Amino acid sequence: MEYMIEMKDVVKKFKNVYALDGLNLNVEKGGILGLLGHNGAGKTTILRTILGLYKPDSGDVRVFGKNPEYDISLRGRTGVLCEDSGLYESLTLYENLVFFAKVYRMKKEDYDARIDYFLEEFSISDKKNLPVKGFSAGMKKKTAIIRTLMHNPDLVLLDEPTNALDPVSIDKFHGIVQKMSREDGTSFIITTHNLDEVKKICSDISIIKQGKCLYNQNLKDTRELYDMFETVIECVDGNKITLKTTDPKAVAKAIRELVEGGADICEARRNEFDLEKLYLSLAKE
Ligand SMILES: Nc1ncnc2c1ncn2[C@@H]1O[C@H](COP(=O)(O)OP(=O)(O)O)[C@@H](O)[C@H]1O
Ligand SMILES: [Mg+2]
């Protein structure tokens with residue numbers, strides 16, 4: 001397995017607060033990891049540690065196989081979107097993007113094409129030459145997302161990227177993330193409070209609590225997920241049978257046996273992977 005990020009037993013203390021307390025986390029090439037957790041769980045600290053901005057007190061951090069504290073070349077291969085958009089208010093949208101394109105040493109023909117592509121995707125081509133100062137929160141967020149993605153980074157860290165975006169833009173953004181993951185093998189870490197977003201685009205989830213990874217699951221590995229949730233089979237006479245699985249073959253077999261046994265089945269409900277239920281139950285512990 002080729003990991004873009006490996007964090008092993010990472011501890012990061014601020015005075016007497018353990019922001020990370022033995023954290024383990026991996027992201028594979030092309031993986032889209034959704035980081036979930038309450039405020040103060042340690043999500044932003046994870047991102048800052050991956051960027052080499054925080055030095056762990058102990059444990060091991062590898063990004064592209066290297067130590068981010070010492071290897072600043074990693075920064076050129078990474079795109080970062082923080083909570084604060086980091087744009088220059090007095091510059092136009094285009095000037096902002098060109099400024100960052102130059103930081104990333106992109107050639108004009110490359111960045112112009114990329115910028116136009118993203119402006120078109122986010123339907124803000126008409127805002128290209130307007131100063132960012134007058135932009136709505138959503139428009140600033142789109143500009144910051146373009147800044148984060150335009151140099152085609154191998155790794156993208158996004159701290160709550162879809163706050164302030166409208167549903168159409170969120171959908172566009174999800175499409176772009178999935179396309180980059182699939183076609184370019186770009187790896188993503190996305191912190192979010194939006195569980196639907198995680199279900200829709202993430203390949204993996206990690207639930208963080210008090211600096212530890214409480215739960216880690218590959219969402220493609222559906223077989224395990226089948227056994228985490230239930231199927232409720234309901235009969236005409238009101239009797240209900242609950243199966244502790246959502247595995248389609250097991251459910252089909254149960255229905256066949258019930259019908260052969262004379263039951264009149266009127267409904268079989270499958271509780272889909274219920275991330276919200278899982279998150280709430282883990283967060284309570
Ligand atoms: N620079 C810092 N100085 C002191 N404490 C910090 C610093 N950064 C984070 N913390 C503390 O570490 C914990 C985790 O914070 P953070 O990573 O920002 O959480 P999240 O992003 O999940 O909301 C919190 O208790 C926070 O107060
Ligand atoms: Mg945070």
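Start at 1 and go down the list; that is how both ligands and their atoms are numbered. Because the structure is predicted, anything quoted here is derived from the model rather than measured. When a residue number appears, it is its place in the shown sequence, counting from 1.
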Fill in: Per-atom contacts of ligand 1 with T45, taking only distances under 4.0 Å to non-hydrogen atoms
9 (C), 14 (C), 15 (O), 16 (P), 17 (O)

Worksheet item: Heavy atoms of the protein only: does one fall short of 4.0 Å from atom 26 (C) of ligand 1?
Response: no

Discussion item. Measuring only between side-chain heavy atoms, which start at C-beta, is L155 closer than 4.5 Å to L74?
Written reply: no

Discussion item. Does the residue K15 have a heavy-atom contact with ligand 1, meaning some pair of atoms that are separated by less than 4.0 Å?
Written reply: no

Worksheet item: Looking at T44, which atoms of ligand 1 are within less than 4.0 Å of one of its heavy atoms?
Response: 17 (O), 18 (O), 20 (P), 21 (O)

Worksheet item: Are the side chains of H174 and I170 in touch, meaning some heavy atoms are under 4.5 Å apart?
Response: yes

Discussion item. Below 4.0 Å from ligand 1: does a non-hydrogen atom of G40 turn up there or not?
Written reply: yes

Item to complete: May I ask you to list the atoms of ligand 1 that are less than 4.0 angstrom from any heavy atom of N39?
Response: 23 (O)

Practice prompt. Side-chain contact test, heavy atoms from C-beta onward, threshold under 4.5 Å: evaluate it for E95 versus T92 and give yes or no.
Written response: yes

Worksheet item: For the hydrophobic clusters of this structure (ILVMFWY residues joined by side-chain heavy atoms under 4.5 Å, transitively), does one cluster hold both L157 and I190?
Response: no

Worksheet entry | ligand 1 atoms in contact with V17 (distance to a heavy atom under 4.0 Å) | 25 (O)

Practice prompt. Just jot down the ligand 1 atoms closer than 4.0 angstrom to any heavy atom of A19, in number order.
Written response: 12 (O), 13 (C)

Worksheet, complete the sentence: If you scan protein heavy atoms around atom 8 (N) of ligand 1, the nearest is F14 CE1, 3.5 Å

Fill in: D204 and I32, any side-chain heavy atoms less than 4.5 Å apart
no

Discussion item. Strictly inside 4.0 angstrom of atom 22 (O) of ligand 1, do you find any protein heavy atom?
Written reply: yes

Item to complete: If the plane angle is over 60° it's perpendicular, under 30° parallel, otherwise tilted; pick one for Y111 and Y94.
Response: tilted

Worksheet, complete the sentence: ligand 1 to Y54, heavy atom cutoff 4.0 Å, flagged ligand atoms 1 (N), 8 (N)

Response to the item:
Here the atoms of ligand 1 under 4.0 Å from any heavy atom belonging to H38 are 22 (O)

Worksheet item: If two hydrophobic side chains count as joined below 4.5 Å and joins carry through other members, does L81 share a cluster with I189?
Response: no

Practice prompt. Determine whether any heavy atom of Y18 lies closer than 4.0 Å to an atom of ligand 1.
Written response: no

Worksheet item: Any link between I5 and L149 through a network of hydrophobic side chains (Ile, Leu, Val, Met, Phe, Trp, Tyr) touching at under 4.5 Å?
Response: no

Worksheet item: Just wondering, do Y18 and Q210 contact through their side chains at under 4.5 Å, heavy atoms?
Response: no

Practice prompt. Return yes when at least one N/O/S atom of T44 is nearer than 2.8 Å to the Mg ion (ligand 2), and no when none is.
Written response: yes

Item to complete: Identify the protein heavy atom lying closest to atom 19 (O) of ligand 1, giving its residue, its atom name and the separation to 0.1 Å.
Response: G42 N, 3.2 Å

Worksheet item: Can you get from V198 to L25 by hopping between Ile, Leu, Val, Met, Phe, Trp and Tyr side chains that sit under 4.5 Å apart?
Response: no

Discussion item. Out of all atoms in ligand 1, which are within 4.0 Å of some heavy atom of A41? Include the element for each.
Written reply: 19 (O), 20 (P), 22 (O)

